[in-house]
Amino acid sequence: MECEIFNKRINKKLVIKDYVKELYATDGVPKGNYFFLKLDGLGEAQADRHTMESNLDGAIYIRSTLAEREVTIELMMIPDETKSMESLRRELSQMLNPKAGILELTYLEDQMSYRIDAVSDHVPTFMTEDYLSEKGQRVTVTLIAPDPFWYGLEDEVHYLSNWVGNLEWDLEFPMSGNQESGIELEVFNGDGLVTLTNNGDEQTGAIFTLVASSEVKNPNIIRIMSDGTANQFIKLNTTMVAGDQIRIITMTGSKRVEKWQDKTQTWINAFHLIDLTSDFIQLDIGENYLRYETESNPNQLAIKVEYKLRYVGV
């Protein structure tokens, strides 16, 4: 395993490696300055249980919420010809300054990689018994993740479209026989239903980016509920023209509607465009079925859906 800590404020990355793997990979001469001794916090997130009093035995369960996640890293700093022990201590203190704000921790395994945002709980603790060691010094670091979920390193990206690919390349030239003129590259999909799969441990919000290539009136994104309950939808009361871009963000804590403004090259608030009866669609664990409709020119609208998989432990 390997970890990377990225400090956004100073735009600098710290890499912590697995010492044993580095020994094997480098013929006994590991490269780097920081190596794991212990990593805690891949699971272990505490849950707050919410209940209410009952006239019967026990209590009535309402729900559980995850508390902040604590990630503890014990590591060994090893100086080399380019960095002394003193410079390593300064580098680590600068990287893990509690006042630096949000840090991005990436945990890399052989097959999967995960990411979590956290803040440093304290200035790194340098073990005093090793303070004067020239070969290595032990350090303890504690990170607190306000959002306790681990996230997949790469976002899931899909498109809602009324057009689906239909290309089959099995041709001979010149074409002979009773061949229809032309080649079908795409066909129109009548219901436009797209399946989005959430393989994480928790439901998740998404970013819906709508791009119009012609005039499109009142776009509506619909989630078809497989259990027979009323469908969810996000509807915009607006007419988009060619080149218009609108994005709808449904993640908890950052729900918003924005429109791209070419003049300032920024996203501006457009919450007034959303129909007040809309739902900020969440993707449940498993398969989710979505489509869209408009009151005019549905084939002139493209919708990109981006979402992150959330894990309670890795």
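Quick caveat, the model's predicted, so the values are computed rather than measured.
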Salt bridge (charged side-chain N to carboxylate O under 4.0 Å, His left out) between Glu2 and Lys17, intermediate numbers included: CA-CA 5 Å; Glu2 183 177 296; Lys17 299 182 178 181; 5.6 Å; no
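- Remark: Arg69 does not engage Asp40 in a salt bridge, criterion side-chain N to carboxylate O under 4.0 Å.
- For the pair Asn297 (side chain) and Gln300 (backbone), a donor-acceptor distance under 3.5 Å is absent.
- Other residues, nucleotides and ligands place more than 12 heavy atoms under 6.0 Å from the CG atom of Asp227.
- Remark: Tyr19 pairs with Phe35 by the ring pair (Phe, Tyr, Trp, His ring centres under 6.0 Å) rule, at least two apart or across chains.
- Salt bridge present: Glu258 and Arg247 bring a charged side-chain N and a carboxylate O closer than 4.0 Å.
- Side-chain contact between Lys8 and Leu103: absent, with no pair of heavy atoms (C-beta onward) separated by less than 4.5 Å.
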Residue pair Glu74, Leu39: steps toward the side chain to side chain contact (heavy atoms under 4.5 Å, CB included) verdict:
CA-CA 6 Å; Glu74 289 188 21; Leu39 172 63; over 6 Å; no
Please evaluate residues Tyr307 and Leu196 with respect to the criterion side chain to side chain contact (heavy atoms under 4.5 Å, CB included), reporting the C-alpha separation (whole Å), side-chain torsions for both, the decisive distance (0.1 Å), and the verdict.
CA-CA 10 Å; Tyr307 58 96; Leu196 305 183; 3.9 Å; yes
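- Residues Ile246 and Met240 have side chains in contact (heavy-atom distance under 4.5 Å, counting atoms from C-beta outward).
- Leu108 and Met112 fall into different hydrophobic clusters, defined by Ile, Leu, Val, Met, Phe, Trp and Tyr side-chain heavy atoms under 4.5 Å apart, directly or through other members.
- Nearest heavy atom pair, residue Ile116 against residue Phe149, reads CG1-O, 3.5 Å.
- Gln137 and Arg89 share a donor-acceptor pair across their side chains, judged by distance under 3.5 Å alone.
- Within the 4.5 Å cutoff, side-chain heavy atoms of Asn218 are placed close to those of Lys235.
- Counting only residues at least two apart or in different chains, ring pair (Phe, Tyr, Trp, His ring centres under 6.0 Å) contacts with residues 219-265 comprise Trp260-Trp267.
- Here the shortest heavy-atom pairing between Gly200 and Leu309 reads N-CD2, 4.0 Å.
- For Glu68 (side chain) and Pro148 (main-chain N/O), no donor-acceptor pair under 3.5 Å exists by modelled atom type.
- For Asp18, there are no salt bridge (Lys or Arg N to Asp or Glu O under 4.0 Å) partners, not counting sequence neighbours.
- Under the 3.5 Å distance criterion, the side-chain polar atoms of Ser278 are matched with a main-chain donor or acceptor of Asp275.
- The side-chain heavy atoms of Leu160 and Lys304, taken from C-beta on, include no pair separated by under 4.5 Å.
- Using a distance-only test at 3.5 Å, with no hydrogens or angles considered, a donor-acceptor pair links the side chain of Gln282 to the main chain of Gly205.
- Between the CZ atom in Phe208 and the CD1 atom in Ile249 there is a gap of 11.0 Å [rounded to 0.5 Å].
- Between Tyr311 and Tyr114, the angle of the ring planes goes over 60°, which puts this pair in the perpendicular group of the 30/60° scheme.
- In this structure, a donor-acceptor pair under 3.5 Å is present between the side chains of Asp80 and Thr82.
- In this structure, Leu96 and Gln94 have side chains that are not in contact, with every pair of non-hydrogen atoms separated by 4.5 Å or more.
- Across Leu42 and Trp150, no two heavy atoms sit closer than the pair O-NE1, 3.4 Å.
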| message | For a side chain to side chain contact (heavy atoms under 4.5 Å, CB included) check, start with the C-alpha distance between Ile73 and Lys38, then their side-chain angles and the critical distance, and finish with the verdict. | response | CA-CA 6 Å; Ile73 301 173; Lys38 186 171 71 170; over 6 Å; no
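- Between Pro98 and Val119, every side-chain heavy-atom pair lies at or beyond the 4.5 Å cut-off.
- Glu22 places a side-chain N or O within 3.5 Å of a backbone atom of Lys31 that can act as its donor or acceptor partner.
- Side chain of Thr250 to backbone of Ile281: a donor-acceptor contact under 3.5 angstrom is found.
- For the pair Phe271 and Lys255, the tightest heavy-atom approach, listed with the atom from each and the gap, is CE1-O, 4.4 Å.
- A donor-acceptor pair under 3.5 Å is formed between the side chain of Thr204 and the backbone N or O of Lys308.
- Ile5 and Ile144 sit in two unconnected hydrophobic clusters of ILVMFWY residues. Membership requires side-chain heavy atoms under 4.5 Å apart, directly or through other members.
- Counting heavy atoms from C-beta on, the side chains of Asn269 and Val257 never come closer than 4.5 Å.
- Under the 4.5 Å side-chain criterion, counting only non-hydrogen atoms from C-beta, Asn11 is in contact with Phe6.
- Gln265 places a side-chain N or O within 3.5 Å of a backbone atom of Asp262 that can act as its donor or acceptor partner.
- Counting all heavy atoms, side chain and backbone alike, Ser54 lies closest to Ala59 at CB-CA, 4.1 Å.
- When all heavy atoms of Lys217 and Thr294 are compared, the closest pair comes out as O-CB, 3.5 Å.
- Asp155 places no side-chain N or O within donor-acceptor distance of the main-chain N or O of Val157, the cut-off being under 3.5 Å.
- Tyr34 and Glu91 share a donor-acceptor pair across their side chains, judged by distance under 3.5 Å alone.
- Using modelled atom types, no side-chain atom of Thr142 and backbone atom of Asp121 make a donor-acceptor pair closer than 3.5 Å.
- For the 3.5 Å distance criterion, the side chains of His50 and Thr65 qualify, holding a donor opposite an acceptor.
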Go through the steps to decide whether Leu14 and Leu92 satisfy the test side chain to side chain contact (heavy atoms under 4.5 Å, CB included), and finish with yes or no.
-> CA-CA 8 Å; Leu14 182 81; Leu92 202 62; 3.4 Å; yes
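- For the pair Lys259 and Asp244, the salt-bridge criterion is met [side-chain N within less than 4.0 Å of a carboxylate O].
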| task | I would like to know whether Arg223 and Asn288 meet side chain to side chain donor-acceptor pair (under 3.5 Å); could you show each step before the answer? | result | CA-CA 7 Å; Arg223 180 182 170 209; Asn288 298 264; 3.0 Å; yes
